[in-house]
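Reading through the structure tokens given below for one structure.
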Number of protein chains: 2
Amino acid sequence: MHNVFMQEAIREAQKAGDAGEVPIGAVLVHRDQIIARASNLRETTQNALTHAEMLVIEEGCKQLGSWRLEDTTLYVTLEPCPMCAGAILQSRIPRVVYGARDPKAGCVHSLYTMLNDSRFNHECDVIEGIEAEACGELLTSFFRNLREQKKLRKQALQNEQPTSD
Amino acid sequence: MHNVFMQEAIREAQKAGDAGEVPIGAVLVHRDQIIARASNLRETTQNALTHAEMLVIEEGCKQLGSWRLEDTTLYVTLEPCPMCAGAILQSRIPRVVYGARDPKAGCVHSLYTMLNDSRFNHECDVIEGIEAEACGELLTSFFRNLREQKKLRKQALQNEQPTSD
């Protein structure tokens, strides 16, 4: 079942990538039903808060009519950042399933273990590594393309410039 | 100048308290002008993301047309929680000024020092303790009232119940 829902999150990540956004996607599941789905939209909205996880949490609160997202599982393709891990705690999501680790900013296992810190008033069950390769490959190829495009633009610019001859 | 802007954040916190919300307020200042102000609205909106800091960050992005809140200072009455500290990092706010510490969930000095962790791609200048007493007293008296009301309700309920005589 985890793989089925993660495939839906991957679909959202692909939509983000197609729109030129860093390809991260999430779905929020309530009692085996998807109640919210979202892609990372930071560049499109120019709103720093519009990570995929934040958008499904906001929609989930609307759907359930409560800031407490009881009986839900959040599926996300990448290990949540500090903001999203914090939002997961704030909304009391009981279970989080993620794909690939984020060694640069991940706050579930990589830099902090924020979802399992008994000093906070909430802790989560966490499952990692579901469809990790597919989730990670989306990001790797996105950034590879970005670097190649940058290189091509640089070369084109150099070709346009008059030589000193 | 810090005290003047913190007074504005306190005004927002008072509005939250008047509405039955935990009294926390924030303002976002861009080049000496307030561009966003907000009260904590979690109960009113039933949206876990609507902490005062999040609302001013969202409005700030709108006002500046960018997810990067350059040349801004965030004033908030209470030390930010993990979600809000993460959102401050995500929106690249260069300076944060807060009133009272939050020993239970604060992520700037109390439980973590997230705004000064060189592993993240952003760090902030942080000033704490501006109008700390006023900021803290708002919270103390709010929770004192809450406990008293709870006690009164319990007593009223006991008086209503028939005795076993």
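By convention in this document, chain letters (A, B, ...) are assigned in the order of the sequence lines, proteins followed by strands, and residues within each chain are numbered from 1.
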Among B:Lys104, B:Met114, B:Arg92, single out the residue with the greatest number of heavy-atom pairs under 4.5 Å to chain A.
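Of the options given, most contacts go to B:Met114.
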Which region of B:Leu89, side chain (C-beta onward) or backbone (N, CA, C, O), has a non-hydrogen atom less than 4.5 Å from a non-hydrogen atom of chain A, or is it both or neither?
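Looking at B:Leu89, just its side chain touches chain A.
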Let me know if B:Cys84 has heavy atoms under 4.5 Å from chain A in its side chain, its backbone, both or neither.
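Contact with chain A is absent: no heavy atom of B:Cys84 under 4.5 Å.
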Parallel under 30°, tilted from 30 to 60°, perpendicular over 60°: which one fits the rings of A:His2 and A:Tyr75?
tilted
Quick check on A:Asp117 against chain B: is it the side chain, the backbone, both or neither that has a heavy atom closer than 4.5 Å?
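Side chain of A:Asp117 only, per the 4.5 Å heavy-atom cut-off to chain B.
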Salt-bridge contact A:Glu128-A:Arg101 (side-chain N to carboxylate O under 4.0 Å):
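Looking at A:Glu128 and A:Arg101, the cut-off is met.
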So that I can tick it off, tell me whether B:Arg95 and B:Asp125 are bridged by a salt bridge, with the cut-off set at under 4.0 angstrom between side-chain N and carboxylate O.
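Here B:Asp125 does not pair with B:Arg95 in a salt bridge, since their nearest N and O are not under 4.0 Å apart.
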When you compare the side chains of B:Ser118 and B:Glu123, does any donor N or O come within less than 3.5 Å of an acceptor on the partner?
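Side-chain D/A pair, B:Ser118 to B:Glu123: absent.
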Nearest 0.5 Å, what's the NE2-OG1 distance between A:His30 and A:Thr73?
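Reported to 0.5 Å precision, the distance equals 10.0 Å.
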Option that, when pairs with chain B are counted at under 4.5 Å, heavy atom only, ranks first among A:Gln90, A:Arg68, A:His51:
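Max contact count across the listed options: A:Gln90.
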